[in-house]
Amino acid sequence: MTALPRGETPGSPAAASDDADATPSADGPAPSAGEAAGAADGGSPTADDAGTDETAGTDEAAGRQDGSGSEDAEDADGGTDGADAAAPLSEAEAELAAQRELRQRIEQRKAEREGPIAAGTKLSGKAADLLAAVRAVESGEQSAGAFFDSPAPAPAGPRRAAPAPAPAPPRTPAPPPTAPQGAPPEAVAATAAVLAEGGAPAALAGAATEALGAQAPDALRADPWQLLAVPGVRPEQADGFARALLGAACGPDDERRSAALVGWLLEQAALRGHTVLDAAQVRAALAERAVSDPEAAVRHAVAEGAVLVFQDGQEQEEEQDGRAGQDGQESPEPEATAEPVQVLLGLDRYALAEESLADGLARLVSTCEKDADWSRADPGSGSAAELIRAAAAHGLVAHTGGEAARAEPAALITAARELGLRALGATHSVDGRHRLAAATGDPDRAVTLSGLLAGTEGPGRDEEGAFAVDLLVVLDAPQLDVESAAILVESLADGTRLVLSGDPGVLGSAGAGRVFADVLAARACPQVVSRTPDPGPIGELVSGIGIGELNQVEAPGKEVVIVPVRDAGEAVHRTVQLVADSVPRAIGVPSADTQVITVGHGGSAGTRALNTALKQRLNPGPGRFGGFDPGDRVVHVPAPGRIVPAVVVSADTEGLRLDCAGTPVVVPQERVASCVRHGWALSAHQAAGTRWPAVVVVLPGDAAQSLNRSWVYTAFGRGERHLSVVHGMDQALPRAVAEPPVLDRTTRLRTLLETPAG
């Protein structure tokens, strides 16, 4: 493996330096809003420099790092603004409301138990067995120890049977999204009084009431550790709050504390992309937090219904043994084949989402019209023709490829439209939607996935609540989290064709799950691998990174330039020089079209430090509108995991006015701190799904541990015409590229998809 070429800064000598450009140091992470609640005995909250944000409520994602799960802490802001007064319905609010409506329907189905879950089938397998067992414990018919002392019951029938291609039962029409309602003022005031009594800041009252409901005051008095349900609150802070309220009755082994800790650990794992965790990991984490009997704590959490437990490996083995017995074959000797069964713990919201998604995908596969006549469509040749033929014959298809391969789904959409089918493409970002619209030649054929789910884009829904489409192509499929995927599949009518398309080498979704990777690994459908390579020096470089090679590439037009630096301070200085002067002058790409991507938000060369330096150079001002000035380049974060690039226009009593790619957006004053950030520099997760004419990737030496192949592949692939690499990692970069990708998320979807349907 050869090293990347060393080069000069485009248009300027490599040794150029300007002492006048002082490199600002990064501010240290500010304490979270709940820190005044007190610290745990023998410990204090720790701040993750790569993931802690200054704004209230972002500590919930402090564990995220680039390349390992969902690194983007700032994308996952829960904030403490849940009690804000209701604002006029916007696209972001409509999206959140639509998700909230679906989750309410799921909760209702959970309560009824006998009704269908999201995909139109009953919850089955281990999830159904466990829910029945939980009810038995709650009613006193069974002890909590039975969850672990007794073997998992053998399934009475197939785990999940795909519905036959017969008419499905009528769907419940999806209710129109409504604007999110703020918490009742009287409940917020009562909650603030309880928080003050326990020494917690009153600023948490709105978020606590949003999380716990109008009964929050009584709930917190009865169980102070329910404060952990508030985004940004850590166990140390909840412990201090509980000591203030309970006094001598507060202890580390309080069952209320252990149950809340188990739920909090799983919520933190979800922020890193996991839908479940190994029970051994949970027990180890509980032991680190002074729980003397972690095993008993887990049993209690399961008995209380706070978490669900899964033993998928054991269930599959029992199913296989049962089929072997039915066939008259002897089962293998247990001692010869038995392996330890992994016990997984998960929150019901993700368990239901994965079950629903697996059932929904099976429904699409089984209800597709497999003998459809697509002979009139012109398939052309190559990978596009293969994709069109696969979509004609199957209800679910996976398509993989790089940036140039996006032309193939566009060809599929065009071919389906020529046949009179209602075909649509959904992308992760606004930029992706524009590129897809250009490829198809019709802006009506492209939407963002968030806009489609919110009902603000696309053809709308039919009388049964399903999207009015015959073929849906989801591009940027790696960015699809399990809850969004479950909502999407729930909204597709029987017989709809679904194509998941994306580059498996990029970073995964900001939300929990690894939907696209699990579908590929389970081989649940035909897979079409594009043979269209990405062109040019950048395409050649990124293709090599995808297979673990950091190759030297010829870049006669300075398409790829390496700028070596000695430390983080020099990295910030050279980055500002590149964006403000060198790239516009030598490459012809203006500063407004040049994007900086760096490893994480904290540190001396993270997004905060770089944005401070870039604003000082490109748009200096006092920040009189909540830290922003007209002309500032920002990102709007309307929902966790989704950003919209924008430019500040002005501000007034209604809020901060933004121009989001030609669409005016007003962010209410109370939401600016949690929903708007400077956007000259982004993390790789924020940049996924979007491309710019020029990209400057900053690799400071102190961030080497956060680097891996997926991060490098994603960041380097964001540039269309030019890529500058501000390189201070020495040999850490080729080592990160050479190491094979690891399975960094624990999920159940692959197991559910691999389970035989009959």
Side-chain angles (χ1 to χ4, degrees), residues 48 50-51 60-73 75-76 263-282 284-285 307-310 312-313 342-358 361 398 400 428 476-486 500 502-524 600 640-642 683-686 688-689 705-714 736 739-754:
D48 185 344
E60 64 170 313
R64 296 185 179 191
Q65 294 182 1
D66 277 317
S68 59
S70 302
E71 46 74 52
D72 204 346
D75 282 356
W264 180 82
L265 289 169
L266 293 175
E267 287 285 5
Q268 296 304 301
L271 294 176
R272 299 190 300 274
H274 306 281
T275 60
V276 288
L277 275 185
D278 191 299
Q281 290 180 264
V282 176
V307 296
L308 301 180
V309 61
F310 305 96
D312 291 319
Q342 185 181 33
V343 178
L344 301 173
L345 300 176
L347 299 173
D348 57 359
R349 59 182 285 194
Y350 300 115
L352 288 170
E354 287 188 308
E355 290 271 0
S356 170
L357 178 56
L361 293 176
T400 61
H428 177 66
D476 309 308
Q479 306 308 310
L480 192 60
D481 65 88
V482 68
E483 290 188 294
S484 296
L500 300 177
D503 189 340
V506 302
L507 290 169
S509 63
R514 51 193 305 270
V515 173
F516 192 51
D518 283 340
V519 169
L520 294 175
R523 307 197 70 82
R642 188 165 67 89
S683 68
H685 248 108
Q686 289 176 318
Q705 293 183 345
S706 299
L707 212 61
N708 61 27
R709 184 190 297 178
S710 296
W711 193 99
V712 179
Y713 185 90
T714 302
E739 292 179 0
V742 296
L743 180 63
D744 56 0
R745 301 188 182 196
T746 307
T747 65
R748 296 182 60 241
L749 181 60
R750 176 179 178 179
T751 299
L752 294 171
L753 293 173
E754 289 177 338

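- Between F310 and V343 the shortest side-chain heavy-atom distance does not fall below 4.5 Å.
- Remark: side-chain polar atoms of H274 are not paired, donor with acceptor, to backbone N or O of A269 under 3.5 angstrom.
- Between R745 and S509, the side chains place a donor N or O and an acceptor N or O closer than 3.5 Å (distance only, hydrogens not considered).
- The two residues A486 and S356 have their closest heavy-atom pair at CB-OG, 4.3 Å.
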*Please test L266 against V307 for side chain to side chain contact (heavy atoms under 4.5 Å, CB included), starting from the C-alpha separation and ending with a verdict.*
CA-CA 9 Å; L266 293 175; V307 296; 3.2 Å; yes

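- Shown here are the salt bridge (charged side-chain N to carboxylate O under 4.0 Å, His left out) partners of D503, two or more places apart in sequence or in another chain: there are none.
- Shortest non-hydrogen contact noted between E739 and R709 is O-NH2, 3.3 Å.
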*Carefully, step by step, assess V519 and L361 under the rule side chain to side chain contact (heavy atoms under 4.5 Å, CB included).*
CA-CA 10 Å; V519 169; L361 293 176; 4.2 Å; yes

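- Distance check, rounded to the nearest 0.5 Å: CG of D744 to CG of N708 gives 7.5 Å.
- Annotation: salt bridge (charged side-chain N to carboxylate O under 4.0 Å, His left out) contacts of R750 (sequence neighbours excluded): E754.
- To the nearest 0.5 Å, atoms CG (L308) and CD (E355) are separated by 9.5 Å.
- Looking only at side-chain heavy atoms (C-beta outward), E354 and E483 stay at 4.5 Å or farther from each other.
- Residues meeting the side-chain hydrogen bond (donor to acceptor under 3.5 Å, both in side chains) test with T714, sequence neighbours left out: none.
- With sequence neighbours excluded, the residues forming a side chain to side chain contact (heavy atoms under 4.5 Å, CB included) with L520 are A398, T400, P504, F516, Q527, listed by chain and number.
- Remark: D481 engages no residue in a salt bridge (charged side-chain N to carboxylate O under 4.0 Å, His left out) (not counting sequence neighbours).
- The structure places CZ of R523 at 13.0 Å from CG of L753, a figure rounded to the nearest 0.5 Å.
- Counting all heavy atoms, side chain and backbone alike, V276 lies closest to G346 at CG1-CA, 3.9 Å.
- Rounded to the nearest 0.5 Å, atoms OG1 (T747) and OH (Y350) are 13.0 Å apart.
- Here the closest non-hydrogen pair linking W711 and A684 is NE1-CB, 3.3 Å.
- Between L357 and V482 there is a side-chain heavy-atom pair separated by less than 4.5 Å.
- Distance check: R514 CZ to L480 CG gives 13.5 Å after rounding to the nearest 0.5 Å.
- With rounding to the nearest 0.5 angstrom, the CG atom of L344 is 8.0 Å from the OG1 atom of T751.
- Q281 pairs by the side chain to side chain contact (heavy atoms under 4.5 Å, CB included) definition with L277, D278, not counting sequence neighbours.
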